[in-house]
Amino acid sequence: MATAETHFTLPLPQFDKPVKLLIVVAPFYRDIADNLIAGARAVAAACGAAVDLVEVPGALEVPTAIAMAERLAEYDGYVALGCVIRGETTHYDTVCNDSSRAISLLGLQGACIGNGILTVENRAQAEVRADPGGQDKGGGAAAAALHLVALSRGWAGKTKGIGFRA
């Protein structure tokens with residue numbers, strides 16, 4: 001059982017310049033989404049990051065909104081939040097796989113994204129994972145985004161060069 005496991009958590013990064021995060025949330029299950037948002041906001045505040053929030057209809061729209069913001073707005077990182085609870089059809093598999101794949105592809109293109117879209121079997125699992133006093137997956141997603149922002153800033157402007165080295 002995962003709750004009996006101990007996990008190492010990296011300390012939050014520190015920044016010398018302001019950080020601006022965009023939280024993109026699919027509030028299909030409003031109470032779950034609100035807890036995820038609370039956790040993400042708390043972690044962002046602990047790092048001094050400014051946060052904007054947008055809501056989209058569902059988990060499949062989360063990566064689309066992030067892609068638009070990456071092209072059209074000025075954010076350092078993104079927090080993807082939502083919850084997909086298994087139902088009676090294969091729609092669950094499509095939503096889980098496609099939203100996760102799209103977020104991963106955006107990350108591989110350089111977007112700093114923390115993925116906090118819960119994919120669970122039932123509401124009880126979602127409640128425990130979303131609870132800021134429990135597993136705090138919203139806070140974890142914000143922390144992941146902030147760590148990627150820190151890495152990105154650390155590597156910015158550094159080039160490997162082209163051709164032969166002197």
Side-chain angles (χ1 to χ4, degrees), residues 1-67 69-70 73-87 92 95-104 106-107 111-153:
M1 182 157 137
T3 56
E5 295 288 328
T6 57
H7 301 96
F8 175 75
T9 303
L10 291 172
L12 291 174
Q14 296 180 347
F15 298 96
D16 55 356
K17 295 186 301 185
V19 175
K20 190 171 181 184
L21 293 180
L22 177 65
I23 296 174
V24 180
V25 62
F28 191 79
Y29 302 101
R30 173 52 72 184
D31 58 326
I32 301 296
D34 287 346
N35 272 341
L36 290 168
I37 293 165
R41 284 187 184 276
V43 168
C47 282
V51 174
D52 288 338
L53 173 75
V54 296
E55 294 181 346
V56 296
L60 289 174
E61 290 77 36
V62 170
T64 302
I66 291 171
E70 182 74 353
E74 295 292 325
Y75 291 100
D76 298 299
Y78 306 92
V79 183
L81 300 178
C83 179
V84 185
I85 299 175
R86 186 179 298 279
Y92 169 87
V95 174
C96 294
N97 292 333
D98 290 358
S99 63
S100 178
R101 184 177 299 113
I103 288 168
S104 294
L106 289 167
C112 300
I113 306 171
N115 187 353
I117 298 176
L118 304 178
T119 55
V120 297
E121 297 295 319
N122 55 58
R123 175 171 265 284
Q125 290 176 348
E127 290 169 351
V128 169
R129 285 161 179 76
D131 182 0
Q135 291 185 14
D136 192 19
K137 297 298 183 177
L146 290 162
H147 280 289
L148 292 171
V149 169
L151 281 174
S152 177
R153 286 184 177 183

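As a basis for the values below, the full set of heavy atoms in this structure was taken, side chains included, without hydrogen atoms, waters or symmetry mates. Fair warning: this is a prediction, and the values are worked out from it, not measured in the lab.
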Quiz item: side chain to side chain contact (heavy atoms under 4.5 Å, CB included) between Cys83 and Val120: does it pass, once the steps are laid out?
Solution: CA-CA 8 Å; Cys83 179; Val120 297; 4.2 Å; yes

Quiz prompt | Close side-chain approach of Gln125 and Leu118, heavy atoms under 4.5 Å | solution = no

Quiz item: Between Lys17 and Asp76, is there a salt bridge with N-O shorter than 4.0 Å?
Solution: no

Practice problem: Determine whether Ile113 and Leu148 make a side-chain contact, defined as any pair of heavy atoms from C-beta on separated by less than 4.5 Å. | Solution: no

Self-check item: Glu55: salt bridge (charged side-chain N to carboxylate O under 4.0 Å, His left out) partners, not counting sequence neighbours
Solution: Arg30

Quiz prompt | Test log, rule side chain to side chain contact (heavy atoms under 4.5 Å, CB included), inputs Leu22 and Val24 | solution = CA-CA 6 Å; Leu22 177 65; Val24 180; 3.8 Å; yes

Quiz prompt | Derivation of the side chain to side chain contact (heavy atoms under 4.5 Å, CB included) call for Glu127 and Ile32 | solution = CA-CA 6 Å; Glu127 290 169 351; Ile32 301 296; 3.6 Å; yes

Quiz item: So among Cys112, Pro11, Cys47, Pro13, which one has a side-chain contact (heavy atoms from CB on, under 4.5 Å) with His147?
Solution: Pro13

Exercise. Could you give me the CA-CA distance, side-chain angles and deciding distance for Ile23 and Arg41, then say whether side chain to side chain contact (heavy atoms under 4.5 Å, CB included) is met?
Key: CA-CA 9 Å; Ile23 296 174; Arg41 284 187 184 276; 4.2 Å; yes

Practice problem: Say whether, by atom type as modelled, one donor and one acceptor occur between the side chain of Glu70 and the main chain of Ile66 under 3.5 angstrom. | Solution: no

Quiz item: Atom NZ in Lys20, atom CG in Asp52: separation rounded to 0.5 Å?
Solution: 4.5 Å

Quiz item: Does a salt bridge link Lys137 with Asp131, judged by any charged N lying under 4.0 Å from a carboxylate O?
Solution: no

Quiz prompt | Non-hydrogen side-chain atoms of Phe15 and Val149 separated by less than 4.5 Å | solution = yes

Quiz item: Rounded to the nearest 0.5 Å, how far apart are CD of Glu61 and OG of Ser99?
Solution: 10.0 Å

